Every structure is written in structure tokens, then in C-alpha cells.
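Everything numeric here is computed off the predicted structure, so don't read it as measured data. Just so we're on the same page: letters track the sequence lines, and every chain starts at 1. Scope of the values below: all heavy atoms of this structure, side chains included, with no hydrogens, waters or symmetry mates.
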Amino acid sequence: MDKNAVWSELVLEISNCRRCRLSESRTRAVPGEGSLNAKVMFIGEAPGRSEDEAGRPFVGAAGKLLNELLSSNGMRREEVFITNVVKCRPPENRDPLEDEILSCSHFTNSIIQLIQPSIIVTLGNHAGRYVIEFLGGSRWYGVSRMRGNVYKITLFGKETLVIPTYHPAAALYNPAPRKALEEDFKLVTSKYRELTQNEVKAKERRRTLLDFMR
Amino acid sequence: MSFTAPDARVWSYVIEATGKFSESGVFVLKPDSLYVRAIDPSRTAMIEFYIPKEAFESYEPVAEKTVYLSMEDLSKILKSAGRSDKLTMSFSEDSIRIEFSDGVVTRMFKIPLRLEIAHEEIPSLEIEYPNKYVVSGDVLHEALASIEKVGDVLKVSGDESTLKLESVGDLGEAEVILSLERGVLREADVKNPGFEVSYSIDYLSYMKKPIKSSDEVVVMVGSDLPICLELRFPSGSKLSYYVAPRTE
């Protein structure tokens, strides 16, 4: 089955999911969006009001900041993949609870395995803890301590670079997280470029006899 | 349609080496010669084994015939070739009969022709090499056997009188210098001294046994070019083996 078909099935499954209490209050589930071949995946916390209405991730004020951070670093939203650790909006915009994150982990994991990103950027504490601690088996010390670094973690058999940073919502009205977020996005871009350059080099190394045949 | 070759052991080595990088190969029987060709799926290595009619004890192709064969299947049978065995291969529409004979005992095998074997046209390589070195098969075999223990990449460089083979790996470094002055190189024709080019050593190691059984090897090489090892056998047969370069 090709990636598009697997993704369509996942979207359908997420939209009909009743695994946890968040399904009772949601308007629309928010599976995620972006390129299914993305090298960079962003994982946020949970949909907010705008996302719940649109069924799309990061479309509110935090989404606007995310788009700005991407474009100012030469990346397009369409070339990355964006999702959340929970796919339905928690009531009153509260933090997602651990059992909700774990109920949704089946989908989160399936999305990571489908996209197979080389870089995962976790936005906020919940996403960072889920990827680094739950999936990666390393201790999570909170976003303010963990951010600004690159963690090499094997996720579902693939070596993945995990870059934790603040959630854009935390940076909307606070200059300190905003500055850190900007720095971390530069780190993401530099790792992404390094990765792309290494792939070009690897392709160049693979010369074949066809290059010399008439 | 059949032929008898006086040196079954050489055939065994060549087919075994080919089977290491390619599942299938093509036998083209022409009135005046036979050649076996194969290319690996990643297009990194290619072999062309050319045997003129005169190199056979008997050679009876009535018309040109092309046969695609599994190198693995053939290799299993040819492995039993003894030092003084002759090899006779007879081709029919649906099978091949293979006989080894040392003059006393004859062993016969019959394998069906597998029509499902994937085959494709293999284009020709026409490369003008600026540098050619001639070395005995024994010497080149020893050099490769020493170097393959150390690293994965073989760096080849040279000038008008020396050919240098070296490798660096986790174990350390290895270097073999073959020189004209010391008589290790039989000939050197070098138009581009100072060249340097690297290859995956595995592909060259595959060819060690055929190299050892050859009279001499012409090493053709140049910056950024595939290496060509032209193995010359006492019978007049010739094997050209190409490996694509690595670019760093």
C-alpha cells in the first residue's frame, strides 16, 4: 500500500476514534498535515479552538508564528509534516493528560513510522517528553533545560535527530521563549541543510558504470 | 552446440567470481568466439570473459546462440572442477549438459535452462585509458589479499614506474608498491602520472581467484575512471573486469 493510501486510512481512523474522553468534546479531529515524504516533522501538544474548527494543525496565532519561523529560515510549511501528541482539542484548552497522550500514541507512532522523518522537532513539554522519554527511553528534564540541543535517538529502527523547543504559543507574548524558539529554528535549519548536503554527497559517491557507457 | 575447454578450473573461478556480484549472466556463442558477460544490479561491476575459438579443444557452434544463465546454479556445479579437468558444455533448447573429464573419470551434470531468469542488454564500455600497468596474476593476487584485510576502500595511484595500492581502515593502513625497477611490474605505459582514484575493495576481492590463475593482468586506470583489470590466460582467453570509481 502506498503512503497516500496508508495516510487516508489513518485520517479516517483518527476522525472516528473514540479511544479517550477528548473525542466527546471535539468538533473535528486534527490528524496532521504536510508532506508524507518530509524530512522534518513538528510535533506539538494539542489542537486549540481554531484547529478544532478547521481540522488542521497550527492554524491559529501559534500557527502563524510557526509559519513565520519556517519561512524566515527558508523552509516551506508544505515540505514539513506537522501533528500533535493528541489529535483532539482538550476542553478549555487545558494541557493534554497522560492517559490521553498514551491513548493517542497509536496514531502518533503510526504517523512517525509512515513519514520516517530524519528530524523531529518537539514543540513544548508534552511532545518533548513523549518523544524523548516515552519513545526514546531517555530522561526528560523539561523543555527549558532540554532545548537548544540535538538528541540522536533510534525511533522505530531509524536513527532520528530530535530537537526539542518551546511551543510557539508560549512564545506569543513572552520575549525570552520567543528568542529561544528563533535560535532553535536556526538549529533545525542547519541540521536540515547538513542532512540534505550529506544526501547529495552520498548520491555523488554512488557512481556507476552506466556513467561511462555509450 | 557444444564446446570443450581445457581448463575447467579457470571457468570455475570465473563463474564463481561472477556469481558474487550478479545473479545472472549471458553466454554468447559465435562461430569464432564465445563470451560471457554480466553486470551487477547496482551497475558497479561488469565482467566480460572472451574466449576465442582457438582456445578451445573443440568448439562447434552452428549458429550464433545467446543463453542467459543463473551464475549461482552454474557456480555450484563448476565448483567441483578438478585441477586437470576439461570442461565440456553442450547446449540444447531446454537444458545444458556439463561434463568434467580428467581423462580417467567423467562426471556429468544436466541443468534445465530457466526461462524466467531476468536478462537485459548490457551496453559496452569504451574507455580510453591513460595509464596501463602489466603485472603477473600472482603478484596482483598477493597485493589484493594483503590490502583487503585492512580497509573497505582501495586507493590506486601511480606514476611512470610505480603503481601504488593502499587502504586505510579501523585496523590500520596497508600499502603495496609495485615497481618497474624491481621487476614486479612487467610494463608501464603512463600518460597521466600522479593520478589517484578509489574503488570499493570488495568488488576487486571477488576477482582474486581468476587473477591468481591468470598469466598476467593489465591494470588500466585513470583519475575518476572505472578500473579495468584485463586478465590474460595461457589459453588465449581474456577477461575484462570493470569496477566503477568511488568519488569522495
Nearest 0.5 angstrom please: A:Thr208 OG1 to B:Met46 CE, how far? 11.5 Å
For A:Glu98, does the CD atom sit with more than 12 other heavy atoms under 6.0 Å from it, leaving out its own atoms? no
For B:Glu166, is the CD atom crowded, meaning more than 12 foreign heavy atoms sit under 6.0 Å from it? yes
For B:Lys65, is the NZ atom crowded, meaning more than 12 foreign heavy atoms sit under 6.0 Å from it? yes
Does a sphere of radius 6.0 Å around NZ in B:Lys208 hold more than 12 heavy atoms from other residues, nucleotides or ligands, not counting ones at 6.0 Å or beyond? yes
Please report the closest heavy-atom contact between A:Leu209 and B:Leu125, naming both atoms and the distance. O-CD2, 3.8 Å
Could you grab the distance from atom CG of A:Asp211 to atom CG of B:Leu225, nearest 0.5 Å is fine? 11.5 Å
